[in-house]
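Input: a single structure, listed below in structure tokens.
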There are 2 protein chains.
Amino acid sequence: MPRIARYSKTAMAERLVTVFKTYGYEGASLSLLADAVELSKASLYHHYPKGKEQIAAHALAYSGARLQRYVLAPLTGDGDGRTRLRQSLDGVASYYDGDMPVCLMNSLLLGEGRLLFGEQIKGAVSAWRRELARAANDAGIAQATQWAEQAIERIQGALVLCRVEGRRAPLDQCLEKLTQV
Amino acid sequence: MPRIARYSKTAMAERLVTVFKTYGYEGASLSLLADAVELSKASLYHHYPKGKEQIAAHALAYSGARLQRYVLAPLTGDGDGRTRLRQSLDGVASYYDGDMPVCLMNSLLLGEGRLLFGEQIKGAVSAWRRELARAANDAGIAQATQWAEQAIERIQGALVLCRVEGRRAPLDQCLEKLTQV
DNA sequence: GTCTATACACCGATAGAC
DNA sequence: GTCTATCGGTGTATAGAC
């Protein structure tokens, strides 16, 4: 059964990310990944010659670029601290999209994914914490480093609750409270 | 190669839980599970005739009993609210043990595990939130329901950071701050 | 109650036609 | 650039010896 639909590189990445979010590294089989982009497994290998690990690496890179765009970029610069914080928290809501938002980095930390991508994920979270603390400090928040740590903690916890409850309300409520600081 | 070592039912459950925490439902293969208890795959089927799903169900039940014992039991009763909260938070530190604590319920929410155990996990978290809110209310905390929600949120977020950083410091620091309320 | 041996499906990956 | 067909390996699960 030849497949007709075509997805752009970006649309493909989005769909592949969704599979890894939902199933984790081990659970995301090539069959599931191929189905998600409506291609055969062999065609997937045309786009990703090195196979599953390369697909996951590209998914992670794509997700990392979105984190940079939506969450980190608003934090940089030397504008008003509170404005930067507010814009970044709005970006968090965009970055974690969908009716049941899931953190790809969290899903990829299970099993073999941890060995392959653990250090990269650790670095991304570290960068997030650093920039968030800098903006919080510029915003005049006391103990900015601790505040940033707790903010990320609460966002990640809200995402866990989103997965438990199957809805995005916990994340939106969490972001609203964080914005009120 | 016949295996000699024997583990008690409890020791077996603990080791099986560890595998599901580390690899998730899909990633926890029967080979890994059998290795963890030093039995052959066929011997595992003697203890769990219905196979992997039954092993995961037992692991989840065992973990649920520990949650009840360490975290929920201290919250019940009608003693001093703050004492109950403090004892339960101590229990959280015991429940999430090891050098890199991981929440089994979180790991089992990926992939097929969500279909099999999602409702059960949702119920367990709901019970935790309910009892925590009741104790917080008895302790005279304003907006006890919101406080309980945020406490669970922060604990789960700290556990995510523990997995990212590969250590238990984020959880211990989180629990210390929560106890200071 | 443990094991070896095996069955059959699916896994990740490749060859080669079109 | 897509596909069908296939490979060797591993997955879950079972049969039957001891």
Side-chain angles (χ1 to χ4, degrees), chain A residues 1-60 107-108 110-117, chain B residues 1-60 107-108 110-117:
Chain A
M1 54 187 101
R3 268 134 165 181
I4 301 177
R6 293 281 193 68
Y7 293 100
S8 67
K9 196 91 178 170
T10 297
M12 273 186 59
E14 279 172 1
R15 284 169 172 263
L16 296 171
V17 162
T18 300
V19 178
F20 282 109
K21 280 182 182 174
T22 307
Y23 295 93
Y25 185 76
E26 337 268 351
S29 71
L30 287 183
S31 296
L32 283 170
L33 292 165
D35 286 349
V37 293
E38 295 178 60
L39 287 176
S40 68
K41 287 191 284 179
S43 295
L44 251 191
Y45 272 91
H46 171 76
H47 296 278
Y48 301 96
K50 282 181 285 185
K52 184 171 173 174
E53 182 175 338
Q54 188 180 16
I55 302 175
H58 184 240
L60 190 57
S107 291
L108 282 184
L110 270 80
E112 196 184 350
R114 178 179 184 82
L115 298 174
L116 296 171
F117 308 112
Chain B
M1 54 188 100
R3 271 139 162 174
I4 301 177
R6 292 280 193 68
Y7 293 101
S8 68
K9 196 91 178 173
T10 296
M12 274 186 59
E14 278 172 3
R15 284 169 172 263
L16 296 171
V17 162
T18 300
V19 178
F20 282 109
K21 279 182 182 175
T22 308
Y23 294 93
Y25 185 76
E26 336 268 351
S29 70
L30 288 183
S31 296
L32 284 170
L33 292 164
D35 286 349
V37 293
E38 295 178 61
L39 288 176
S40 68
K41 288 189 280 179
S43 296
L44 251 191
Y45 272 91
H46 171 77
H47 295 278
Y48 301 96
K50 283 182 287 185
K52 184 171 172 174
E53 182 176 337
Q54 188 180 15
I55 301 175
H58 184 241
L60 190 57
S107 291
L108 283 183
L110 270 80
E112 196 184 351
R114 178 180 183 81
L115 298 175
L116 296 172
F117 307 113

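So that the names make sense, note that chain A is the first sequence line, chain B the second, and so on, each numbered from 1.
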(message) Quick check against the 3.5 Å criterion: does B/R15 have a side-chain atom that pairs as donor or acceptor with the backbone of B/V37?
(response) no

(message) Would the distance check show the side chain of B/E26 and the main-chain N or O of A/G24 forming a donor-acceptor pair, the cut-off being under 3.5 Å?
(response) no

(request) To the nearest Å, give me how far apart NZ (B/K52) and P (D/dT12) are. (result) 4 Å

(message) Using OP1 and OP2 only, check whether a side-chain N or O of B/S29 sits under 4.0 Å from D/dG11.
(response) yes

(message) What is the separation between atom CG on B/L33 and atom C1' on D/dA13, rounded to the nearest whole Å?
(response) 14 Å

(request) Using atom NE2 of A/H46 as one end and atom P of C/dA15 as the other, report the distance to the nearest whole Å. (result) 16 Å

(message) Tell me whether A/S43 contacts the main-chain N or O of A/L39 through its side chain, where contact means a donor paired with an acceptor under 3.5 Å.
(response) no

(request) In whole angstrom, give the distance that lies between atom CG of A/L30 and atom C1' of C/dT14. (result) 12 Å

(request) Examine D/dG1: is either OP1 or OP2 under 4.0 Å from a nitrogen or oxygen in the side chain of A/R6? Give yes or no. (result) no

(message) I want to check a possible cation-pi pair here: A/K52 against A/Y25, using under 6.0 Å from ring centre and within 45° of the ring axis as the test.
(response) yes

(message) If you assign A/A42 and A/E26 each to the DNA chain C nucleotide with the nearest heavy atom, which residue ends up on the more 5' nucleotide?
(response) A/E26

(message) Just the rounded figure in Å: distance from P of D/dG11 to CG of B/L44.
(response) 13 Å

(request) Quickly work out the A/E53 CD to C/dC11 P distance and round it to whole Å. (result) 19 Å

(message) Do A/Y7 and A/E38 pair up side chain to side chain, a donor and an acceptor below 3.5 Å, judged on atom types alone?
(response) yes

(request) For C/dT2, take OP1 and OP2 only and decide whether either is under 4.0 Å from a side-chain N or O of B/H47. (result) yes

(message) Counting only side-chain nitrogens and oxygens, does A/S43 get under 4.0 Å of the OP1 or OP2 atom of D/dC3?
(response) yes

(request) Write down the distance between CD (A/E112) and P (C/dG12), rounded to a whole number of angstrom. (result) 10 Å

(message) Check the phosphate of C/dC11 against A/S31, side-chain N and O only, distance under 4.0 Å to OP1 or OP2. Yes or no?
(response) yes

(request) Starting from P on C/dT4, measure out to OH on B/Y45 and report it in whole angstrom. (result) 17 Å

